[in-house]
Each structure stands twice: as structure tokens, then as C-alpha cells.
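Have a look at the structure below, then the notes.
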Number of protein chains: 2
Amino acid sequence: MATSFAEENYLKIIYRLSESTLEDISTNAVAELTQTKAASVTDMLRKLAEKGWVNYQKYQGVRLTEEGEKIALSIVRKHRLWEVFLVEKMGFNWDEVHEIAEQLEHIESEALINKLDEFLDFPKTDPHGDPIPNKEGILPELGYMHLSDLKENKACVLMGVAKDSAVFLQLLTRLHLSLGAKLIVKEINPFDRSISVSINESGPVFISHEVAKNILIKMA
Amino acid sequence: MATSFAEENYLKIIYRLSESTLEDISTNAVAELTQTKAASVTDMLRKLAEKGWVNYQKYQGVRLTEEGEKIALSIVRKHRLWEVFLVEKMGFNWDEVHEIAEQLEHIESEALINKLDEFLDFPKTDPHGDPIPNKEGILPELGYMHLSDLKENKACVLMGVAKDSAVFLQLLTRLHLSLGAKLIVKEINPFDRSISVSINESGPVFISHEVAKNILIKMA
DNA sequence: AATATTTTTTAGTCAAGACTAAAAATTTAT
DNA sequence: ATAAATTTTTAGTCTTGACTAAAAAATATT
């Protein structure tokens, strides 16, 4: 069955919200990310349920069905592959690619996206460290932790971010926090849980708990 | 002013039709290419005129204004650059790229299209030999002729096609008529104006007048 | 020049996807 | 446990861009 631009957006956003929780997704949460009003979301959820892409009982929130998740994963795959293309081949910065990829993700051509995948050498992650589903919709298992969960004096490598708003990414860039950086948590401030981190063996930088929560790492 | 997907399509199609005639473009001609009905076209032409992108008097047909042509040229530029990308970088054949480029041409990012242009080495023509407008909307002057206008025993080089339907392109491929081929018109059949042509010094191939009309050449 | 044909426009609908305001259900607080 | 606050849904509209059927204008034919 064909999917409209709007339907694809809703499925993608429900998928994104499901990534970070096991609970059903609320109407308001969807409204916020789609930049629409709750009433519009209710309408759309009924339509998506009708088509068998979500399970939705009114007032109970929403979850993707298996079929809905398959569609969402194909959108996510396209979005993330295009982001790799924009950074690696077009020379954009990691904070510039989201909006463009939001458009490119709706281009309909299985053939194109598979050729693009090959052209990019089958990347496992996008420029923010998010995993890219393969042709079959399988996500690579990355097993990243949040920097905010790391103990003092442990070394790790920055592998990704859990949020890709431009302002957040620009902040990281200003702090010299980029993918692949070697980090050691020097000190955790008990007052506000802010931390000081050394980056690639150089002088420590101070990071709020909020920022640390959104940095994904693997142990060195 | 922002342009919708539908508006961009109409402007592009009016531009295409204007390329091959000096007369005003009829409602029906537009309807055929947009795959809509004449009544829908009338509606849209009123809206486009409202926005200052076309000159339209009812029953008199339509022409692009300067501003409308500027928008159309930017869509055409995107369409043709994406086609080059699809053939050169993604490995598609010249008869496979039109539909995908119809989608890609609506991606909104001046920065992206200029980077793409650079990435492709500022091509002058698309995979069908159609000229690509530059950043300023200027079309390179190619000065091609139609193969159907060539005299007998004159040599020329195949530079483009005036029609990019998949069936036509597949026919040319089967006849070994591809961009850059050296052609000599051996014989013009006065009965139906079909011609026999030698291709790259090898045995002649027979071509209808209809086909010859849609092949663009430059003198050798 | 009058009639027939074709093209274009008008008038009235429809579906998708958004909105606001008000009602209903759920959750939180007292 | 009830009241207050919040969330979600319903009901009714709006805009965009399509449609059909009928009317009007332009073009072609005799």
C-alpha cells in the first residue's frame, strides 16, 4: 500500500519516540515532533490504525505494528543514508544535514537507496552515530552507553549523540566533542551532576548532565 | 514566496512546452503533461497568475513571466543535475532516471544543489544532452540540430535527444545510438523520410523520420 | 454566415491534512 | 474521594489540488 508524505512522517516519529521508551506513545508527544496539534494527530492515528500500521485505542496512546515498524525502518534507513551522503560526499557539517535529509527520506526508489548504500560503502552509522538499518530492516547492534552513566577515571570513545538538534551539535563542536574523540571523565560534580572531561589527552572541559546524557560512548 | 510541489510542477511543464514553441501554451497541453484534467489546469493557472509567475488571460493560453521562468529554471537545473548524479555516480541507465529526478527536483536546498553541481564537475548537459542552467539560471548555448534536418553524406555527432520517454531511449540503446556516437546519413528515403545511418563507422541502421526528429546532433 | 466541433472555463464536489473551540476522559492534587 | 488540571477526542472549518458535468468561447466546416 502506498504511503503519503504525511503518513511516513508520523510513522517515523512514532518509531523515534518508541526507541527511547517501552511505553505507548502519547498523542501530545507525537504532536510536538510533527509540529502539529493534538487534534490533527488523533485524526491521523485513526487513519494509520485503519491501515494496520499502528495499534491505537483512544486515550491509550499508540504503538507501531510489525508492518508499521517495517515502513518506519525504511524511512529511517533512507534518512540516515542520505545524511552520510551529505556529510561524506557533499561536505556538509553534522549540524546542517537534518532538514535536508527530512526531505530526501521521502524519495521513493528502492533501487536508488540500495545503490546509495553501496556508493557509501555500507555505513553502519550516520554522522551522529545512529545505526542504519540494512536492506532487510535489521539494525546493527551497537551497544553504546550514555556518557552520563560513566564512572570517574574511565576512558571511552565518543560514538554518537542521542539528539541531533543543530544547537546541540554546534555546542559539541565548540567543545571539540566530535565522533571518535577519546574521553576520560575526570570528575563528577555531585551538586548538579555536571562533569569535567578530558578530550584526546588535552585539558578538561565542563559539561552539564543534560549534555552528558545525550552523548553516546563505548568503553575504550 | 514559497512554491508548493504542485506549483513547481506546473511551472516546469509550462517551461518545457515553451522551449519548443514561441506561441502561448494551451490549457490542454499543460493538462496532458501534468496528467490532470483541463479544469484543474484552469484553476492552477489563475493561482499562478495571481502570484505573478505567469501571464494568463482566459481562453488565451499561458506564458511564464520573468519571475516564473526563474523558478522554472531552478527546477530544471535541479532535475538535470540529479539525472547526471544518478547516471554518473549511481550507475543508472539513461532511461531509468527521469522518474527519480522528478522527485529529487523538489528538494529545497540551494546549498545542496550547488555542492552537487561541484561534486559532478559542473556538467553542461544531462544524460540526454539537455543543457543545465548554471547557478544564475543561464543556459549554456549548445546550438544542436535535429538529425532529421541533416543532408546526405554529412557526418555528425549525437549530442542529445529531444524526448526522454523510457521507450524512446530504450529504442535508441537497442540501435546503438548513444551520446557521442559518430553518425553519417547514408540515404534519405523520399517515401517516408526514413533514413539510413552509419554509426561509428559500422553498418547502417534504419531510422524513422519520427526518431530522427528527436535526435540532436552537432556537425563533425 | 451559420452550424458543428473542439477547447476552455465555471460551478459544484471530494479527499487529505491541517486548524480551533468545546466536550470528554484521564491524571494529579487536595 | 472529590475537585482541579491536563490530555485527548469530537465536531465543525479551511486550504490545496484534484475531479465531473454543464456552460461558454473559440475554431473549423460546410
Side-chain angles (χ1 to χ4, degrees), chain A residues 1-15 17-18 21-64 68 71-72 75 102-103 105-106 108, chain B residues 1-15 17-18 21-64 68 71-72 75 102-103 105-106 108:
Chain A
M1 197 187 300
T3 47
S4 72
F5 199 100
E7 289 166 343
E8 290 186 356
N9 263 328
Y10 275 93
L11 292 174
K12 174 192 67 179
I13 276 162
I14 297 166
Y15 176 82
L17 290 166
S18 305
T21 177
L22 294 169
E23 323 229 321
D24 288 7
I25 308 306
S26 76
T27 301
N28 264 354
V30 175
E32 197 173 336
L33 291 209
T34 49
Q35 316 241 55
T36 62
K37 296 300 159 74
S40 313
V41 173
T42 300
D43 275 0
M44 183 55 97
L45 294 184
R46 266 200 295 100
K47 288 180 202 163
L48 295 177
E50 191 79 18
K51 301 198 175 190
W53 296 331
V54 299
N55 288 125
Y56 167 65
Q57 301 278 83
K58 56 165 134 162
Y59 295 104
Q60 305 299 140
V62 70
R63 309 196 118 288
L64 294 175
I71 299 169
I75 308 298
E102 291 276 42
Q103 300 178 62
E105 73 191 4
H106 301 291
E108 209 181 292
Chain B
M1 199 187 299
T3 49
S4 72
F5 200 100
E7 288 166 344
E8 290 187 355
N9 264 328
Y10 275 93
L11 292 174
K12 174 192 65 180
I13 276 162
I14 297 166
Y15 176 83
L17 290 165
S18 305
T21 177
L22 294 169
E23 324 227 321
D24 288 6
I25 308 306
S26 76
T27 301
N28 265 354
V30 175
E32 198 174 333
L33 290 208
T34 48
Q35 317 239 58
T36 61
K37 296 300 159 73
S40 313
V41 174
T42 300
D43 275 1
M44 182 55 97
L45 294 185
R46 265 200 296 101
K47 288 179 203 166
L48 295 176
E50 192 79 17
K51 300 199 176 191
W53 297 332
V54 300
N55 288 125
Y56 167 65
Q57 301 278 84
K58 55 165 133 163
Y59 296 106
Q60 304 297 143
V62 69
R63 309 195 117 292
L64 294 174
I71 299 170
I75 309 298
E102 292 276 41
Q103 300 177 62
E105 74 192 5
H106 301 290
E108 207 180 293

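We use all heavy atoms of the structure for the numbers below, so side chains are in, but hydrogens, waters and symmetry mates are not. Proteins get letters first, then strands, A, B, ... in listed order; numbering begins at 1 in each.
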How long is the line joining [atom1] of [X] and [atom2] of [N], in whole Å?
X	N	atom1	atom2	value
B:Ile25	C:dT8	CD1	P	11 Å
A:Gln57	C:dA25	CD	C1'	15 Å
B:Tyr56	D:dA25	OH	C1'	12 Å
A:Lys58	D:dT8	NZ	C1'	10 Å
B:Asn28	C:dT8	CG	P	4 Å
A:Glu32	D:dT6	CD	P	16 Å
B:Gln60	D:dA26	CD	P	7 Å
B:Lys37	C:dT7	NZ	P	15 Å

Give the nucleotide from the list [options] with an atom nearest to the side chain of [X].
X	options	answer
B:Arg46	C:dT10, D:dG17, C:dA18	C:dT10
B:Asp43	C:dA16, D:dC19, D:dT8	D:dC19
B:Ala39	C:dT10, D:dT16, C:dA25	C:dT10

At under 4.0 Å between heavy atoms, what does [X] touch on the DNA or RNA strands: base, sugar-phosphate, or nothing?
X	answer
B:Ala6	sugar-phosphate
A:Thr27	sugar-phosphate
B:Phe5	nothing
B:Thr36	sugar-phosphate

* Between atom CG of B:Asn9 and atom CD1 of B:Ile14, what is the distance when rounded to the nearest 0.5 Å? ->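 So the CG of B:Asn9 and the CD1 of B:Ile14 are separated by 10.5 Å.
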* Asked: If every non-hydrogen atom of B:Asn28 is compared with every non-hydrogen atom of B:Ala38, which pair is closest and at what distance?
  ->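 Residues B:Asn28 and B:Ala38, closest heavy atoms: OD1-CB, 3.6 Å.
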* Asked: Take atom CD in B:Glu32; do more than 12 heavy atoms of anything else shown fall under 6.0 Å from it?
  ->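 At most 12 heavy atoms, drawn from other residues, nucleotides or ligands, come within 6.0 Å of this atom.
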* Asked: Should we count CD of A:Glu102 as having more than 12 external heavy atoms under 6.0 Å?
  ->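 Buried by this count: over 12 neighbours within 6.0 Å.
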* Asked: Among B:Gln60, B:Arg63, B:Gln57, which residue meets the side-chain hydrogen bond (donor to acceptor under 3.5 Å, both in side chains) test with B:Asp24?
  ->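 So the option named by the test is B:Arg63.
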With a 4.0 Å cutoff (strictly under), does any side-chain N or O of [X] reach OP1 or OP2 of [N]?
X	N	answer
B:Thr42	C:dT9	yes
A:Ser4	C:dG17	yes
B:Tyr59	C:dT6	no

